[in-house]
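Below is one structure, written out as structure tokens, with a few remarks after it.
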Amino acid sequence: MTSVVIVGGQWGDEGKGKIVDYYASKADTVIRYSGGNNAGHTVVTGKRIFKFHLMPSGAVAGKRVLIGNGVVIDPEVLLGEIEMLQSMGLNPDLGISERAHIILPLHKLSDSAEEKIKGKWKAGTTKRGIGPCYSDKAARFGIRVIDLLNEEVLKEKLDMLFVLKERQITKVFNEPFEITKEEIFKKYTEHAEKLKKYVTDVSVEANSTIDKHKHVLFEGAQGTMLDLDHGLYPFGTSSNVTSGAACTGTGVSPKKIDEIVGVVKAYTSRVGEGPVPTELLDETGEQIRKKGMEFGTTTGRPRRVGWLDMVTVNYACRVNGLTGLAITKLDILGGLNKIKICTAYNYKGKMITEQPADVNVYAHCKPIYEEVPGWKDMSIEEWIALAKKGYDALPKEIKSYTARISEISKTPVYLISVGQDRDATINLKDLFG
Ligand code: GDP
Ligand code: IMO
Ligand code: MG
């Protein structure tokens with residue numbers, strides 16, 4: 001048996017959906033453990049493209065999929081994804097934790113209002129109500145899946161929260177508030193009716209699956225730099241997304257985790273506010289954004305792109321305890337003469353190799369680069385054909401680029417991805433035997 005955590009090694013959108021789908025073919029269960037529908041995970045199989053926000057990516061491979069207690073659930077979004085899969089002939093074998101918290105329309109109103117107040121400190125959130133839902137969870141105002149199934153409790157909790165939010169949004173934030181408690185109650189009891197058959201104790205199921213020597217994948221959302229504690233505060237998200245959250249977000253002991261795979265894009269991308277030391281604001285950046293289709297899966301916003309930052313990747317190796325790397329989107333850099341790798345920062349004449357906690361220091365960090373030769377551009381079909389031949393067929397420059405990443409990060413490369421499709425993947429380590 002093997003339990004594998006898949007975690008974002010940078011700023012999110014590294015290709016976690018693709019990697020989870022790839023490994024899912026050999027797994028028994030896939031569990032989402034953090035975040036909410038701020039996430040957007042893409043799975044491509046031949047001509048079919050799936051974009052998931054809450055549904056674990058293992059649904060495409062037809063595996064048992066679970067949503068852990070660490071996730072915040074917008075019921076409407078989840079129901080939409082279930083329907084979308086059903087309309088495509090896939091009936092997800094889904095289980096939802098009783099302990100997961102529920103996003104209400106009130107949280108979305110707060111999200112937008114809070115961002116306005118924050119001015120230059122705003123994170124550029126997805127406006128999906130994620131932060132306010134996690135805030136209410138921490139303040140113990142939250143409504144959990146189990147509460148949704150009990151009309152009396154739901155009403156009581158909604159009564160309490162509604163008064164507070166109405167006052168806050170109209171009187172503190174000075175924003176309009178046109179929603180009624182009755183509307184929310186009606187809508188959410190309808191959602192509960194549709195969702196109740198999926199509700200389960202995820203911790204009990206996950207542990208018993210592991211104890212039966214089956215293979216479990218833990219699907220991370222966001223990326224290390226967006227983690228509430230270890231990310232670039234306050235420009236990240238409102239939950240822990242790093243590997244420890246796979247345990248707290250599902251109710252599985254760290255003793256039961258065997259491998260932690262960090263998904264690392266061959267360059268940097270970031271959607272949202274705050275400094276990004278290796279950001280490319282030139283023609284090369286524009287070229288990578290277009291070719292890599294770097295537009296948010298959730299909001300459609302153009303992603304900021306830059307060279308690969310190994311200070312970030314090394315940091316991700318440390319805080320997650322990565323046992324291996326899955327390097328994605330190497331095909332997108334094809335056709336570039338020279339490629340840069342940031343190995344350290346220059347902060348006011350001083351060399352920095354560790355991620356600074358102070359965002360003002362980070363904003364003044366200038367990347368120190370080493371330059372490596374690029375590789376040729378190829379069509380999607382050529383990349384797939386090459387991936388089918390395996391590692392030895394790769395251009396020598398890709399081999400040395402990935403070897404260099406492994407050397408700098410002192411972490412082995414488990415998987416190389418050269419295209420969106422499942423088939424554009426080279427597996428270097430058989431995780432599930
Ligand atoms: P996630 O949030 O980490 O799951 O990543 P997203 O799905 O938001 O964004 C990654 C995008 O890159 C998706 O469109 C993927 O289909 C795509 N992708 C993943 N791996 C590769 C790759 O190796 N090459 C190319 N060209 N696209 C990839
Ligand atoms: P996946 O799982 C990229 C970013 C937002 C914003 C900050 C806070 O697809 O990799 P939030 O709505 O969470 O309060 O926004 O975090 N963000 C992501 N960026 N990929 C994601 O998820 C993200 N989830 C949140 O852009 O800067
Ligand atoms: Mg994404």
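Order of listing sets the numbers, starting from 1, for every ligand and every atom in it. We number each residue from 1, following the sequence as shown.
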Check: For the side chain of Arg64 and the backbone of Leu94, is there at least one donor-acceptor N/O pair under 3.5 Å apart?
Finding: yes
Notebook entry, point to check: To the nearest 0.1 Å, how far is atom 6 (C) of ligand 2 from its closest protein heavy atom, and which atom is that?
Noted result: Gly124 O, 3.2 Å
Notebook entry, point to check: Is there at least one pair of N or O atoms, one from Lys16 and one from ligand 2, spaced under 3.5 Å apart?
Noted result: yes
Notebook entry, point to check: Has ligand 2 got any nitrogen or oxygen that is less than 3.5 angstrom from a nitrogen or oxygen of Thr126?
Noted result: yes
Note to self: Determine whether Leu232 and Val359 satisfy the following criterion, side chain to side chain contact (heavy atoms under 4.5 Å, CB included), listing intermediate values before the conclusion.
What the structure shows: CA-CA 7 Å; Leu232 189 69; Val359 70; 3.9 Å; yes
Next item on the list: Identify the protein heavy atom lying closest to atom 26 (O) of ligand 2, giving its residue, its atom name and the separation to 0.1 Å.
Entry: Val271 O, 2.7 Å
Check: In terms of residue, atom name and distance, what is the protein heavy atom nearest to atom 8 (C) of ligand 2?
Finding: Gly236 O, 3.2 Å
Next item on the list: Could you say whether the N/O atoms of Gly12 and ligand 2 ever approach to under 3.5 Å?
Entry: no
Item checked: Under 3.5 Å: N/O of Asp13 near N/O of ligand 2 -> yes
Check: Nearest to atom 11 (C) of ligand 1, what protein heavy atom do you find, and at what distance?
Finding: Lys329 NZ, 3.7 Å
Item checked: For His41, the ligand 1 atoms whose distance to one of its heavy atoms is below 4.0 Å -> 1 (P), 2 (O), 4 (O), 7 (O)
Check: Looking at atom 13 (O) of ligand 2, what's its closest protein heavy atom, distance included?
Finding: Thr237 OG1, 2.6 Å
Item checked: atom 6 (P) of ligand 1 [closest protein heavy-atom partner, distance rounded to 0.1 Å] -> Gly40 O, 3.5 Å
Next item on the list: Please indicate whether any nitrogen or oxygen in Arg303 is less than 3.5 Å from any nitrogen or oxygen in ligand 1.
Entry: yes
Margin query: When you measure from the side chain of Asp421 to the backbone of Gly46, do you find a donor-acceptor pair of N or O atoms at a distance under 3.5 Å?
Written below: yes
Notebook entry, point to check: Which residue owns the protein heavy atom closest to atom 27 (O) of ligand 2, what's the atom, and how far is it?
Noted result: Ala123 O, 2.8 Å
Margin query: Any nitrogen or oxygen of Lys18, side chain or backbone, less than 3.5 Å from one on ligand 1?
Written below: no
Next item on the list: Count the heavy atoms of every other residue, nucleotide or ligand shown that sit under 6.0 Å from CG of Leu164, and state whether that count exceeds 12.
Entry: yes
Margin query: One thing to verify: whether Lys265 and Asp13 come together as a salt bridge, which I'm taking to mean a side-chain N less than 4.0 angstrom from a carboxylate O.
Written below: no
Next item on the list: Name the closest protein heavy atom to atom 26 (N) of ligand 1, giving the residue it belongs to and the distance to 0.1 Å.
Entry: Asp331 OD2, 2.7 Å
Check: Of the listed options (Gln222, Lys122, Arg32), which comes nearest to atom 1 (P) of ligand 2 when hydrogens are ignored and any heavy atom counts?
Finding: Gln222
Item checked: Polar contact flag for Glu273 and ligand 2 (N/O pairs, less than 3.5 Å) -> no
Check: Is there a nitrogen or oxygen of Arg128 sitting under 3.5 Å from a nitrogen or oxygen of ligand 2?
Finding: no
Margin query: For the Mg ion (ligand 3), give me the closest N/O/S atom belonging to Asp13, just the atom name.
Written below: OD1
Next item on the list: Could you say whether the N/O atoms of Gly40 and ligand 2 ever approach to under 3.5 Å?
Entry: yes
Checklist line | Ile332 N/O under 3.5 Å from ligand 1 N/O | finding: no
Next item on the list: Consider every N or O of Gly15 and every N or O of ligand 1, then say whether any pair is closer than 3.5 Å.
Entry: yes
Checklist line | Heavy-atom gap Gly8 to ligand 1 smaller than 4.0 Å | finding: no
